[in-house]
Enquirer: 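Input: one structure, supplied below.
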Amino acid sequence: MGPSRSIPCLVLLLVIASSRASVLEDTCKSFAAGHPGIGYDYCIKFFQASKDSATADKRGLAVIASKLAGAAASSIVDRIHALVASEKDKRIQMGLDDCEQLYSQAVDELDRAAKGVAAGTPRGKADAAAYVNGALGAPRTCETGFEETGVESPLVAEDSEFTKEVYITLDIVHSL
């Protein structure tokens with residue numbers, strides 16, 4: 001291929017790459033419009049954890065978001081295990097045990113959500129939305145459990161971050 005033929009190919013590749021990047025940007029702009037408290041920058045930062053997000057289409061972003069949120073839930077489960085091992089207060093231990101179950105379930109739900117989106121069927125999308133909605137309950141229920149026992153939650157920061165990540169995931173799944 002001569003130099004004159006390689007230039008149009010390069011231009012085409014740049015157009016494709018820039019249109020894919022705009023999918024991420026457009027998705028995060030749309031998300032931020034409906035969730036100004038979380039915002040565009042947070043959405044972009046969330047997706048930066050996966051190099052594939054820069055070139056993904058909308059369905060790909062939904063799969064990536066489900067996997068990233070699932071990985072976050074798994075990390076929270078690990079953090080809970082570490083907290084339980086060092087915690088002496090039985091009420092906090094019980095609360096952490098409940099949260100561990102909730103987040104373990106969220107890991108499973110987000111894995112199923114990723115598979116549902118990847119299937120590309122209307123049923124897969126509906127199932128994915130239901131699973132992501134289920135995962136959204138983990139941080140709320142976790143925090144409520146600590147409030148009901150009258151002890152301070154050691155997972156406030158994790159619950160807050162996870163909630164934001166799941167809102168991003170849910171918004172993208174609903175937009176498919």
Side-chain angles (χ1 to χ4, degrees), residues 1-79 102-142 157-176:
M1 181 181 300
S4 64
R5 292 179 73 190
S6 64
I7 291 173
C9 290
L10 180 61
V11 170
L12 180 62
L13 287 173
L14 289 173
V15 168
I16 291 171
S18 102
S19 70
R20 293 289 186 182
S22 70
V23 170
L24 173 59
E25 291 168 2
D26 290 347
T27 299
C28 284
K29 284 177 187 173
S30 175
F31 171 79
H35 301 86
I38 300 172
Y40 174 82
D41 291 338
Y42 187 90
C43 180
I44 293 292
K45 181 181 158 221
F46 171 67
F47 280 107
Q48 285 176 343
S50 171
K51 63 179 175 48
D52 295 333
S53 63
T55 57
D57 61 9
K58 196 132 198 188
R59 188 171 67 159
L61 288 177
V63 171
I64 290 167
S66 297
K67 289 180 178 181
L68 290 174
S74 182
S75 292
I76 294 170
V77 169
D78 292 343
R79 168 116 166 88
L102 293 164
Y103 276 104
S104 291
Q105 183 176 346
V107 170
D108 293 340
E109 288 170 328
L110 290 162
D111 180 57
R112 289 183 186 126
K115 290 174 182 169
V117 170
T121 64
R123 174 63 187 230
K125 178 192 165 207
D127 288 348
Y131 288 130
V132 176
N133 263 323
L136 188 57
R140 283 188 221 147
T141 306
C142 179
E158 291 87 347
D159 288 336
S160 176
E161 285 296 303
F162 184 73
T163 298
K164 292 175 190 176
E165 294 173 0
V166 176
Y167 272 129
I168 292 170
T169 304
L170 188 60
D171 191 73
I172 295 170
V173 169
H174 280 302
S175 73
L176 295 176

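Keep in mind that what you see is a predicted model, and the values were worked out from it rather than measured.
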Enquirer: Would you say the side chain of Tyr167 lies within less than 4.5 Å of the side chain of Leu136, judging by non-hydrogen atoms?
Expert: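 Yes - at least one pair of side-chain heavy atoms lies under 4.5 Å apart.
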Enquirer: Take Asp159 and Tyr103, measure what side-chain contact (heavy atoms from CB on, under 4.5 Å) needs, and give me the verdict at the end.
Expert: CA-CA 10 Å; Asp159 288 336; Tyr103 276 104; 2.4 Å; yes
Enquirer: Quick check for you: to the nearest 0.5 Å, what is the distance between His174 atom NE2 and Thr169 atom OG1?
Expert: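 Rounded to the nearest 0.5 Å, the NE2-OG1 separation comes out at 11.0 Å.
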Enquirer: So, taking the atom named OG1 in Thr163 and the one named CD1 in Ile168, what distance separates them when rounded to the nearest 0.5 Å?
Expert: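 If we round to the nearest 0.5 Å, Thr163:OG1 and Ile168:CD1 are 11.5 Å apart.
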Enquirer: Are Asp108 and Arg112 close enough for a salt bridge, meaning some N to O gap below 4.0 Å?
Expert: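 Salt bridge flag = no for Arg112 with Asp108.
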Enquirer: To the nearest 0.5 Å, what is the distance between NZ on Lys58 and OG1 on Thr27?
Expert: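 With rounding to 0.5 Å, NZ (Lys58) is 4.0 Å from OG1 (Thr27).
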Enquirer: Nearest 0.5 Å, please: how far is CG in Asp171 from CG in Leu176?
Expert: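 Going from the CG atom of Leu176 to the CG atom of Asp171 covers 10.0 Å.
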Enquirer: Is a side-chain N or O of Ser175 found less than 3.5 angstrom from the main chain of Ile172, in a donor-acceptor match?
Expert: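 Judged by distance alone, yes, a pair lies under 3.5 Å.
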Enquirer: Is it the case that the side chain of Ser53 and the backbone of Phe47 share a donor-acceptor pair, with hydrogens and angles ignored and the cut-off at 3.5 Å?
Expert: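 Yes: the side chain of Ser53 pairs with the backbone of Phe47.
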Enquirer: If you round to the nearest 0.5 Å, how far is CG of Leu170 from NE2 of His35?
Expert: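 The distance works out to 7.5 Å.
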Enquirer: Between Phe46 and Lys164, is there a cation-pi geometry (under 6.0 Å to ring centre, at most 45° from the normal)?
Expert: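 No, Lys164 does not sit over the ring of Phe46.
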Enquirer: SG/Cys43 to CD/Glu25 distance, rounded to the nearest 0.5 angstrom?
Expert: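 Those atoms lie 10.5 Å apart.
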